[in-house]
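Every chain is numbered from 1, with letters handed out A, B, ... down the list of sequences. All values reported here derive from a predicted model rather than from experimental measurement.
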Amino acid sequence: MAQIADPRRIVGRPRPADRRTAIAVGATLVAVAVVVSVGDPGRFAWVRTFFVIFGSLLIQALPFVMLGALAAALVEVFVPIGTFEKLGSLPRPLQLPAAALAGIAFPICECGSVPVARRLMQRGLMPSAAVTFMLAAPVLNPVVIASTFVAFRGRTTLWTMVGGRFLLGMVVAIAVGWVIGNRSKDELLKPNPEEAHEHLLELGRPEARWRRFFVHLGNDFLFMGRFLLLGATIAAAIQTFLPTSVLTGLAERPVVSVLAMMGLAAALSLCSESDAFVAASFVQFGPSAMLGFLVFGPMVDLKLVALYAGTFRRGFTRTVVLVAAAATLVGALWVGVALG
Amino acid sequence: MTDSVVTHTGARVRAETGPPRTWSPGGVAGAFVLGAWAGLFWFLWFSGREAFYLSTRTDWVVPVAAVLLTAATIGRLASARVVTPKPLAARELWIMGLMVVPVVLVLFAPVTTLGAFSADKRAGFSGTGFATSSTDIGSGELTLVDVASAETSPEGERALAKRAGETVRFVGFVSVRDDTPADEFLLARYVVSCCVADATIAEVRVVNVTPGQFANEDWVEVTGTIYPIGREVIVDASSIAEVTRPDHPYLTP
């Protein structure tokens, strides 16, 4: 019987790297080193400014990405999936808050939380609770809270940011779970969802835990690091070229400022373990707009939309975006009003 | 590290007798990226260059990252020998190369700081919401952080106003704008609470300057008499000396 090749596998198969590719990458890195050391691009003020801001963002945020990857690898390798299943034995009204709070105990990034939520649904956890967990974990986990504390330390808004992020993040995640309601896993999940957060695990047989741990650690770091690189580039470009007067103009309008920061968070696609540092750098914006950035970004951004599309059925992403945006906006504005 | 595994029945078995392993291209490339970043953090720590990127209150992340990344590099390399290695996609290798570019930039680009170019693009210190103490401003040696902090509250402004006529000594860089008179310049210093991305600027107007003596971004030490006038702070210079850039070019609030 003739086998019919899956066209996706032929068209979508990536070209493997060969020796020439490796040499080209190495040569490019050497060329960059030569250009920056001999060419002295720092003589251009804007280049110098860009380099300093770009470098500082990465140097500050990357250690927290590393900590996040470390926590995610620990959870992935050493925490049994049954730990999550205990949520299902709670009374239904408590499942959503409990799922949100479970994020405290499972410090995983927003990219890692998507496949975990899918696995939880497949294991029988109420889908709305799994979605709540998926959205809450990247906001509520200890690494994120710690990085938010470090980023805002010394400011009068420190506890508004740390506490507000925690509480508003939980409320928004529960709100999305509540809207998902009683939809079944078959209504939410794609029949054969592809693993969008590909780990390139080459462990086709039982492997030692330490091997699995380091493979996950390295791959999570590389996966999240590339988005941080993109976000740092955009943030540094904005800060280099955009006069503060433009941002100040947006920042002075209550609703617009929150929407602008939410949109910025979605566009930058930063990892939740490092996004507080970027948010803190937009000093023109008030606490409401900052909270909008810190709560909405880990739930909806460009890379997450791609992950959602690969995992869930059509319509799910729209629901998450709309409900999360509305709940974040209202919550952030309410915090602004409460603070006077 | 023993290469044992736990089976579904809970029994531990040794995996040493398994099929031969070969190097995984993705594992090796990943270890290279991790190692490059680990090397950068060690370099920043030992050279003291972290002061050009971070404030003194957050520079602890540098040694922590150096240790974690080094451990991750060793672990990733040790786990990179696998039974069935997948080919590494060319696109993936280019992305990994891209992730090393920042390391190259920091290591090979000349050491630099934010300068006059950003002075009019950064927010003033007053909008940052940092906690300030009018007691600190009202007593002891005045610093540029005190001067900047005074703008954040009416109490701070009043505390600084009481110190009019006192002699001060500030170190900062020269910032000259289009509308700056020839016998004046702005003495500026960036205030960083976390990393340079959140830098705000603290400035005083220095008068009684010999025209043309100093250029934009020259680091100088100004000694003179301070006159806070509302939100503007003027220093009537009695002496101005060019100095080398400080080891910690940014101030911490």
Side-chain angles (χ1 to χ4, degrees), chain A residues 14-17 21-22 25 28-29 32-33 36-37 40 42 45-46 48-49 51-60 62-63 66 70 150-151 153-157 200 202-208 210-211 214-215 217-219 221-222 225-226 229 235 239 243-244 277-278 280-281 283-284, chain B residues 1 3-5 7 15 24 26 30 33-34 37 53-54 57-58 61 64-65 68-69 72 75-76 79 82 84-91 93-95 97 99-102 104-106 108-110 112-115 117-118 121-123 127-131 193-198 200 253:
Chain A
R15 186 174 68 82
T21 317
V25 172
T28 305
L29 291 175
V32 171
V36 296
S37 56
D40 189 19
W46 68 267
R48 195 168 62 230
T49 304
F51 277 4
V52 173
I53 297 174
F54 176 67
S56 73
L57 276 171
L58 287 176
I59 289 166
Q60 174 65 75
L62 223 76
M66 189 69 220
L70 187 73
V150 172
R153 195 168 61 162
R155 301 195 192 185
T156 50
T157 55
L200 298 173
E202 297 154 312
L203 307 174
R205 65 189 190 113
E207 282 281 4
W210 71 266
R211 283 183 183 276
F214 280 113
V215 171
L217 175 64
N219 288 335
F221 176 81
L222 294 174
R226 69 187 61 176
L229 196 66
Q239 295 208 19
T244 50
F277 300 106
V278 176
S281 71
V283 291
Q284 304 84 2
Chain B
M1 286 183 288
D3 214 5
S4 62
V5 297
T7 67
S24 148
V33 177
L34 287 164
W37 276 98
Y53 299 97
L54 305 176
R57 65 169 58 168
T58 51
V61 301
V64 170
L68 286 178
L69 282 161
R76 188 67 190 96
S79 59
V82 295
T84 51
K86 283 183 183 174
L88 179 65
R91 178 174 167 274
L93 186 58
W94 276 107
I95 289 173
M99 289 186 69
V100 181
V101 168
V104 173
L105 292 179
V106 174
F108 290 93
T112 185
T113 60
L114 286 186
F117 174 79
S118 298
K121 292 188 177 62
R122 312 301 298 190
T128 59
F130 281 100
S193 70
C194 184
C195 69
V196 175
D198 67 29
T200 54

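- Taking both residues in full, the closest heavy atoms of A/G218 and B/L34 are given as CA-CD1, 4.1 Å, listed atom of the first, atom of the second, then distance.
- Taking each heavy atom of B/V104 and A/V36 in turn, the nearest pair found is O-CG2, 4.4 Å.
- Of all non-hydrogen atoms in B/M99 and A/R226, the two that sit nearest each other are CE-N, 3.8 Å.
- Heavy atoms of A/T28 lying under 4.5 Å from chain B belong exclusively to its side chain.
- Between B/P102 and A/L229, the closest side-chain pair of non-hydrogen atoms falls below 4.5 Å.
- Side chains of A/Q60 and B/V196 form no contact here, defined as non-hydrogen atoms less than 4.5 Å apart.
- Considering only residues two or more places apart in sequence or on other chains, A/F54 meets the ring-ring contact (aromatic ring centres under 6.0 Å, His included) condition with A/F50.
- Interface residue A/L222: backbone and side-chain heavy atoms are both found under 4.5 Å from chain B.
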### Message
Run the side chain to side chain contact (heavy atoms under 4.5 Å, CB included) test on B/F108 and A/V32 for me, step by step, so that the C-alpha distance in whole Å, both residues' side-chain angles and the decisive distance to 0.1 Å come before the verdict.
### Response
CA-CA 9 Å; B/F108 290 93; A/V32 171; over 6 Å; no
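- The two residues A/M66 and B/A72 come nearest to each other via the heavy atoms CE-CB, 3.4 Å.
- Between A/I53 and B/L114, the closest side-chain pair of non-hydrogen atoms falls below 4.5 Å.
- No part of B/V64 comes within reach of chain A, as not one of its non-hydrogen atoms sits under 4.5 angstrom from that chain.
- By number of non-hydrogen pairs under 4.5 angstrom with chain A, the leading residue of B/A109, B/A65, B/G75, B/G97 is B/G75.
- Looking at B/Y53 and A/L58, their side chains never come closer than 4.5 Å, going by heavy atoms from C-beta outward.
- To the nearest 0.5 Å, the span separating CG on A/L217 from CG on B/L68 amounts to 8.5 Å.
- When the candidates A/A151, A/S37, A/A280, A/P63 are compared by the number of heavy-atom contacts under 4.5 Å with chain B, A/P63 comes out ahead.
- Of the listed residues A/L70, A/V150, A/L62, the one with more heavy-atom pairs under 4.5 angstrom with chain B than any other is A/L62.
- With sequence neighbours excluded, the residues forming a side chain to side chain donor-acceptor pair (under 3.5 Å) with B/T112 are A/R48, listed by chain and number.
- For B/L93, the parts lying near chain A are the backbone and the side chain together; criterion is any non-hydrogen pair under 4.5 Å.
- Put simply, the side chain of B/T113 does not reach to within 4.5 Å of the side chain of A/V52, judged on heavy atoms.
- Of all the heavy atoms in B/L54 and A/S56, the pair that sits closest is CD2-O, 4.3 Å.
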